[in-house]
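Have a look at the structure below, then the notes.
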Amino acid sequence: MLLKDFYKIISLENSADSKYEAVILINEEHDIFQGHFPGNPIMPGVCMMQVIKELTEQITESSLFMQSSSNVKFMALINPFQTPELRLDLDITITEENLVKVKNVSYFDETVALKLSSVYRKV
C-alpha cells in the first residue's frame, strides 16, 4: 500500500469470470485530507487511481506499472467524512502480450464517482 492506512478492504469478491467487486473504507483521519483540502476534504483523484492499481495487483498477484489510461472520468467528489465506504467494480483481463486491462466504475452509495480504463504491464 503506497499510502499507509489510507483505506481498508472490507470485501473483495470475484462476481463473474473477469469481474470483481471491492468494498473499501477510506480513513477520513489520514494526513492527506489535511492538505486536500483543509475544512473540505476531498479524495485526490490520483489516490483513487492508486487504489484501483493496488486492488488489481492483489487480484492478479502481480506488481504492475500503468502503461496507459484511455478513459478517466471523475464524476463526483468523494468526501471521506460523508461517504467513506466505496464500491469498486473491476473488469480485469490479461492480453496475449501479458498486459492487464482494467475497466473500473467506482461508487459511493448509488452515485458514480469515477470511471477508468487503464492498461498495466507486469513488472
Side-chain angles (χ1 to χ4, degrees):
M1 186 177 294
L2 188 62
L3 294 172
K4 187 175 170 30
D5 299 325
F6 185 65
Y7 67 96
K8 179 170 78 171
I9 299 172
I10 303 299
S11 65
L12 178 57
E13 299 176 4
N14 181 224
S15 56
D17 296 330
S18 63
K19 300 188 184 318
Y20 296 82
E21 181 180 288
V23 177
I24 64 169
L25 185 65
I26 303 300
N27 175 8
E28 69 268 6
E29 299 299 324
H30 194 277
D31 289 342
I32 203 157
F33 296 115
Q34 300 302 313
H36 201 269
F37 296 98
N40 187 26
I42 296 172
M43 167 83 85
V46 70
C47 292
M48 222 25 240
M49 293 172 73
Q50 181 66 26
V51 169
I52 293 165
K53 176 184 172 266
E54 290 176 4
L55 291 171
T56 303
E57 286 177 324
Q58 184 169 335
I59 291 164
T60 62
E61 298 178 344
S62 304
S63 294
L64 301 173
F65 181 83
M66 183 184 285
Q67 180 171 307
S68 65
S69 286
S70 58
N71 182 25
V72 181
K73 294 182 181 176
F74 296 99
M75 314 287 282
L77 298 176
I78 300 170
N79 181 321
F81 286 94
Q82 294 173 354
T83 53
E85 188 173 289
L86 304 176
R87 186 180 91 236
L88 295 89
D89 292 339
L90 302 155
D91 187 349
I92 300 171
T93 56
I94 300 175
T95 70
E96 290 180 12
E97 297 82 22
N98 216 22
L99 297 174
V100 179
K101 291 186 173 186
V102 179
K103 291 181 181 175
N104 165 261
V105 180
S106 298
Y107 303 85
F108 57 85
D109 300 324
E110 295 305 313
T111 301
V112 174
L114 170 64
K115 291 183 179 183
L116 169 79
S117 294
S118 292
V119 177
Y120 302 92
R121 64 178 164 83
K122 295 181 180 183
V123 290

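Each residue takes its place number in the sequence, starting with 1.
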Rounded at 0.5 Å granularity, tell me how far [atom1] in [X] sits from [atom2] in [Y].
{"X": "M43", "Y": "L77", "atom1": "CE", "atom2": "CG", "answer": "11.5 Å"}
{"X": "E21", "Y": "N14", "atom1": "CD", "atom2": "CG", "answer": "11.0 Å"}
{"X": "T83", "Y": "F108", "atom1": "OG1", "atom2": "CZ", "answer": "4.5 Å"}
{"X": "S68", "Y": "K101", "atom1": "OG", "atom2": "NZ", "answer": "8.5 Å"}
{"X": "L90", "Y": "K103", "atom1": "CG", "atom2": "NZ", "answer": "13.0 Å"}

Side chains of [X] and [Y]: closer than 4.5 Å at any heavy-atom pair?
{"X": "K122", "Y": "I94", "result": "yes"}
{"X": "P44", "Y": "I32", "result": "yes"}
{"X": "L116", "Y": "V102", "result": "no"}
{"X": "L2", "Y": "K53", "result": "no"}
{"X": "F74", "Y": "M49", "result": "yes"}
{"X": "K8", "Y": "I10", "result": "yes"}

With side-chain contact (heavy atoms from CB on, under 4.5 Å) as the criterion, how do F6 and I24 come out once you've worked through the C-alpha distance, each side chain's angles and the decisive distance to 0.1 Å?
CA-CA 10 Å; F6 185 65; I24 64 169; over 6 Å; no
Are Q58 and E54 linked by a side-chain donor-acceptor pair shorter than 3.5 Å?
no
Quick one about E97 and T95 (side-chain donor to acceptor, distance below 3.5 Å, no hydrogens or angles considered), yes or no?
yes
F33 vs I26, side-chain contact (heavy atoms from CB on, under 4.5 Å): CA-CA, chis, key distance, verdict
CA-CA 11 Å; F33 296 115; I26 303 300; 3.7 Å; yes
Check for me, please, whether L99 and I92 land in the same ILVMFWY cluster - side-chain distances under 4.5 Å, paths through other members count.
no
According to a hydrophobic-cluster definition based on side-chain heavy atoms being under 4.5 Å apart (Ile, Leu, Val, Met, Phe, Trp, Tyr only), do V72 and I78 belong together?
yes
Return the minimal non-hydrogen interatomic distance between M66 and Y120, and the atom names on each side.
CA-CD2, 3.5 Å
Looking at every non-hydrogen atom in both residues, tell me the closest pair between K115 and V105 and how far apart they are.
CG-CG2, 4.2 Å
Does [Y] offer a backbone N or O that forms a donor-acceptor pair with the side chain of [X] under 3.5 Å?
{"X": "H36", "Y": "D31", "result": "no"}
{"X": "Q67", "Y": "V119", "result": "no"}
{"X": "N27", "Y": "D5", "result": "yes"}

Count the heavy atoms belonging to other residues, nucleotides or ligands that lie under 6.0 Å from NZ of K19, then report whether that count exceeds 12.
no
If you count the non-hydrogen atoms of other residues, nucleotides and ligands that lie under 6.0 Å from CG in N40, is the total more than 12?
yes
Does the distance from a Lys or Arg side-chain N to an Asp or Glu carboxylate O, for D89 and R87, drop under 4.0 Å?
yes
Quickly, which of L55, L88, V51, V23 forms a side-chain contact (heavy atoms from CB on, under 4.5 Å) with I9? Name it, please.
L55
Test I52 against S118 for side-chain contact (heavy atoms from CB on, under 4.5 Å), laying out the working first.
CA-CA 10 Å; I52 293 165; S118 292; over 6 Å; no
Please walk me through it: do S18 and T93 pass side-chain contact (heavy atoms from CB on, under 4.5 Å)?
CA-CA 6 Å; S18 63; T93 56; 4.2 Å; yes
